[in-house]
S.K.: 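My questions all concern the structure below.
Position 1 is the first residue of the sequence; numbering continues from there.
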Amino acid sequence: MTNRANPFALPTRRPAERLGVAVVAELVELIVTAEIAEGKLLPPEGPLSEHFGVSRTVIRESVKRLEEKGLVVVAQGRGTQVARSGSWNMLDPVVLSAFIDNDQTLGILDELTVVRATLESAMAGAVASHHATEELTRIEHALEAMRDTRHDSDSFRQADVVFHLTIMELSGNRLAENIGKRLYLRALESSRYQGIGYEGAFESTLGEHALVVDAISRGDVEAAQRVMRDHIVSSWQRRRFEAPSGEPEA
């Protein structure tokens, strides 16, 4: 039977913007993984168009998206060059996801942990310096929810996330909160960041969170900063996978 709407039975083409999303994602991954290294030129529009099976217009728009993310520099007469990594927008969702998803050595997660610990340390200190009674109550309730769910790992993790997000929100530092949430929530999507279980995980996590609450309740800014930083860094070190070294074990 003839298909009157599509007499040649050709597959429906995806909209150009959807094609562009796929092209951008693949190009970002090629750059992040150094398949196309810093300082190197992207292939010209023609070969890229042929490789991805899309029009030159889609390639042109995709390169613009890369430029907006700080990944490439377009120079008239020279082509499109991959920029230095220091210029890349690491908080861009596509760029950050490419880094985390291809983080075989866990290097980017190590860096993320340091940045997260620094930001949350500052936010915990800010809460300690100015918290109101009802704000402290919210934090205490978040800790209590963790205690109540310590025998259910999934619920415990969710309560753990709520605890950290509550302190971020109450800090009043919108920029730190925004950056901290982006890093934290995206990292949680990675099985590598979830890491491995270890003996006494629930109890050590609860104990460290309780130290944060205690420091905040006493208005001890320095202690709140220190215990939050120590908790985030030490927790990561305890559950961190051993990254492959590339050499056989002796």
S.K.: Run the side chain to side chain contact (heavy atoms under 4.5 Å, CB included) check on L165 and K181 step by step: do they pass?
M.R.: CA-CA 7 Å; L165 296 185; K181 279 183 178 179; 3.7 Å; yes
S.K.: Kindly indicate whether a cation-pi arrangement holds for R239 with Y193, taking the cut-offs as under 6.0 Å to the six-membered ring centre and within 45° of the axis.
M.R.: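 Positive - R239 is close enough to the ring of Y193 and near enough to its axis.
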S.K.: Between S235 (side chain only) and I232 (backbone N and O only), is there a donor and an acceptor less than 3.5 Å apart?
M.R.: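 Side chain of S235 to backbone of I232, a donor-acceptor pair under 3.5 Å: no, none is there.
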S.K.: Going hydrophobic residue to hydrophobic residue with side-chain gaps under 4.5 angstrom, can you get from V213 over to V162?
M.R.: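 V213 does not cluster with V162.
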S.K.: Would you call D160-R150 a salt bridge at under 4.0 Å N-O?
M.R.: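 Judged by the 4.0 Å cut-off on N to carboxylate O distance, D160 and R150 do not form a salt bridge.
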S.K.: Between D220 (side chain only) and A128 (backbone N and O only), is there a donor and an acceptor less than 3.5 Å apart?
M.R.: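 Side chain of D220 to backbone of A128, a donor-acceptor pair under 3.5 Å: no, none is there.
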S.K.: Identify the residue among V28, L27, V94, N89 that makes a side chain to side chain contact (heavy atoms under 4.5 Å, CB included) with L71.
M.R.: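 Running side chain to side chain contact (heavy atoms under 4.5 Å, CB included) over V28, L27, V94, N89 with L71 returns exactly one hit, V28.
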S.K.: So, Q81 side chain and L41 main chain: donor-acceptor pair closer than 3.5 Å or not?
M.R.: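 Between the backbone of L41 and the side chain of Q81 there is no qualifying donor-acceptor contact (under 3.5 Å).
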S.K.: Just how far is it from atom CD of E26 to atom CD of E35, taken to the nearest 0.5 Å?
M.R.: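 Those atoms lie 10.5 Å apart.
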S.K.: Going from CZ on R60 to CG on L48, what distance comes out if it is rounded to the nearest 0.5 angstrom?
M.R.: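 Answer for the CZ-CG pair, R60 versus L48, is 11.5 Å.
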S.K.: Measure the OG-CD distance between S62 and E67 for me, rounded to the nearest 0.5 Å.
M.R.: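 It is 12.5 Å, given to the nearest 0.5 Å.
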S.K.: Do F52 and V58 come within less than 4.5 Å of each other through their side chains, counting heavy atoms only?
M.R.: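 F52 does not reach V58 side chain to side chain.
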S.K.: Side chain to side chain contact (heavy atoms under 4.5 Å, CB included) with F99: which of I108, L112, T33?
M.R.: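 Checked I108, L112, T33 against F99; only one passes side chain to side chain contact (heavy atoms under 4.5 Å, CB included): I108.
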S.K.: Below 4.0 angstrom, N of the basic side chain to O of the carboxylate: do K64 and E68 qualify?
M.R.: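 Looking at E68 together with K64, the answer is no, because their closest N to O distance does not fall below 4.0 Å.
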S.K.: Apply the test side chain to side chain contact (heavy atoms under 4.5 Å, CB included) to residues Q194 and L188: give CA-CA distance (whole Å), side-chain angles for both, the deciding distance (0.1 Å), then the verdict.
M.R.: CA-CA 7 Å; Q194 299 290 351; L188 288 173; 4.1 Å; yes
S.K.: So, is the end of the R116 side chain (NZ or CZ) under 6.0 Å from the ring centre of Y184 and within 45° of the ring's axis?
M.R.: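 The answer is yes; both the distance and angle limits are met.
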S.K.: Does S87 use its side chain to pair, donor to acceptor, with the backbone of A83 at less than 3.5 Å?
M.R.: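 Absent.
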S.K.: Decide yes or no for V161 and L185: does some side-chain heavy atom of the first lie under 4.5 Å from some side-chain heavy atom of the second?
M.R.: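 Of all side-chain heavy-atom pairs linking L185 with V161, at least one is under 4.5 Å.
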S.K.: Is the shortest side-chain heavy-atom distance between D110 and T113 below 4.5 Å?
M.R.: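 No; the side chains remain at least 4.5 Å from each other.
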S.K.: Just by modelled atom types, is the M123 backbone N or O under 3.5 Å from a matching donor or acceptor in the S171 side chain?
M.R.: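 Between the backbone of M123 and the side chain of S171 there is no qualifying donor-acceptor contact (under 3.5 Å).
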S.K.: Distance-only, no hydrogens or angles: does the H209 side chain make a donor-acceptor pair with backbone N or O of T205 under 3.5 Å?
M.R.: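 Judged by distance alone, yes, a pair lies under 3.5 Å.
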S.K.: Is any side-chain heavy atom of L206 closer than 4.5 Å to one of R147?
M.R.: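 R147 vs L206: side chains touch.
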S.K.: Kindly give the heavy-atom pair with the smallest separation between M90 and L96, and that separation in Å.
M.R.: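 That closest heavy-atom pairing would be O-CB, 3.3 Å.
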S.K.: I'd like to know whether CD of E50 has more than 12 heavy-atom contacts from other residues, nucleotides or ligands below 6.0 angstrom.
M.R.: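 At most 12 heavy atoms, drawn from other residues, nucleotides or ligands, come within 6.0 Å of this atom.
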S.K.: Just by distance, do the side chain of S49 and the backbone of E45 share a donor-acceptor pair under 3.5 Å?
M.R.: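 Flag not set: sc S49 to bb E45 has no pair under 3.5 Å.
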S.K.: If you count heavy atoms of other groups shown closer than 6.0 angstrom to CZ of R84, is the number above 12?
M.R.: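 Not buried by this count: 12 neighbours or fewer within 6.0 Å.
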S.K.: Following the transitive rule for hydrophobic clusters with a side-chain heavy-atom cut-off under 4.5 Å over Ile, Leu, Val, Met, Phe, Trp and Tyr, establish whether V212 and L119 coincide in one cluster.
M.R.: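 No: no chain of side-chain contacts under 4.5 Å links V212 to L119.
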S.K.: Any idea which heavy atoms bring V221 and S129 closest together, and the distance?
M.R.: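 Reported closest heavy-atom pair: CG2-CB, 3.6 Å.
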S.K.: Hey, any chance L106 and V114 share a hydrophobic cluster, counting ILVMFWY side chains that come within less than 4.5 Å of each other, even indirectly?
M.R.: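 No; tracing contacts between hydrophobic side chains, which count when under 4.5 Å, never links both residues.
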S.K.: Decide side chain to side chain contact (heavy atoms under 4.5 Å, CB included) for R229 and E120; before the verdict, give the C-alpha distance in whole Å, the side-chain angles of both, and the deciding distance to 0.1 Å.
M.R.: CA-CA 7 Å; R229 184 187 303 109; E120 287 200 47; over 6 Å; no
S.K.: Heavy-atom distance under 4.5 Å between the side chains of E38 and W88, does that happen here?
M.R.: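 Yes; the side chains approach each other to less than 4.5 Å.
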S.K.: Mind listing the closest non-hydrogen atom pair of G46 and R56 along with its distance?
M.R.: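 Taking G46 first and R56 second, the nearest heavy atoms are CA-NH2, 3.5 Å.
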S.K.: Is it the case that the side chain of H131 and the backbone of V127 share a donor-acceptor pair, with hydrogens and angles ignored and the cut-off at 3.5 Å?
M.R.: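 Yes, because the side chain of H131 sits within donor-acceptor range (under 3.5 Å) of the backbone of V127.
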S.K.: Could you grab the distance from atom CZ of R226 to atom CG of L211, nearest 0.5 Å is fine?
M.R.: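 So the CZ of R226 and the CG of L211 are separated by 9.0 Å.
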S.K.: So, do I216 and I139 sit near enough that their side-chain heavy atoms are less than 4.5 Å apart?
M.R.: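 I216 vs I139: side chains touch.
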S.K.: Does the T149 side chain pair with the main chain of D152, one donor and one acceptor, at a distance under 3.5 Å?
M.R.: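 Absent.
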S.K.: Start with the C-alpha distance between S97 and R186, add both sets of side-chain angles, then the distance that settles side chain to side chain donor-acceptor pair (under 3.5 Å), and finish with yes or no.
M.R.: CA-CA 7 Å; S97 290; R186 179 54 189 88; 2.8 Å; yes
S.K.: Look at the side-chain heavy atoms of Ile, Leu, Val, Met, Phe, Trp and Tyr, link any pair under 4.5 Å apart, and say whether I100 and L30 land in one connected group.
M.R.: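 Result: yes, single cluster for both.
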S.K.: List the steps and the verdict of side chain to side chain donor-acceptor pair (under 3.5 Å) for R182 and N178.
M.R.: CA-CA 6 Å; R182 283 172 183 260; N178 186 282; 2.9 Å; yes
S.K.: Which heavy-atom pair separates L109 from S190 by the least distance, and what is that distance?
M.R.: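 So the minimum-distance heavy-atom pair works out to CD1-OG, 4.4 Å.
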S.K.: Same hydrophobic cluster for M228 and I179, using side-chain heavy-atom links shorter than 4.5 Å among ILVMFWY?
M.R.: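 Not linked; separate clusters.
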S.K.: Quick one: pull up CD in E61 and CG in L19 and give me the separation to the nearest 0.5 Å.
M.R.: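 Interatomic distance, E61 CD to L19 CG, rounded to 0.5 Å: 12.5 Å.
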S.K.: Taking the side chain as C-beta and beyond, is there a heavy-atom pair between R238 and S204 under 4.5 Å?
M.R.: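 Yes. Closest side-chain heavy atoms under 4.5 Å.
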S.K.: Go through the steps to decide whether V82 and L66 satisfy the test side chain to side chain contact (heavy atoms under 4.5 Å, CB included), and finish with yes or no.
M.R.: CA-CA 9 Å; V82 176; L66 295 181; over 6 Å; no
S.K.: Indicate yes or no: at least one non-hydrogen side-chain atom of L91 is less than 4.5 angstrom from one of L183.
M.R.: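 Yes, their side chains come closer than 4.5 Å.
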S.K.: Quick one: do E169 and R138 make a salt bridge, cutoff under 4.0 Å?
M.R.: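 So E169 pairs with R138 through a salt bridge.
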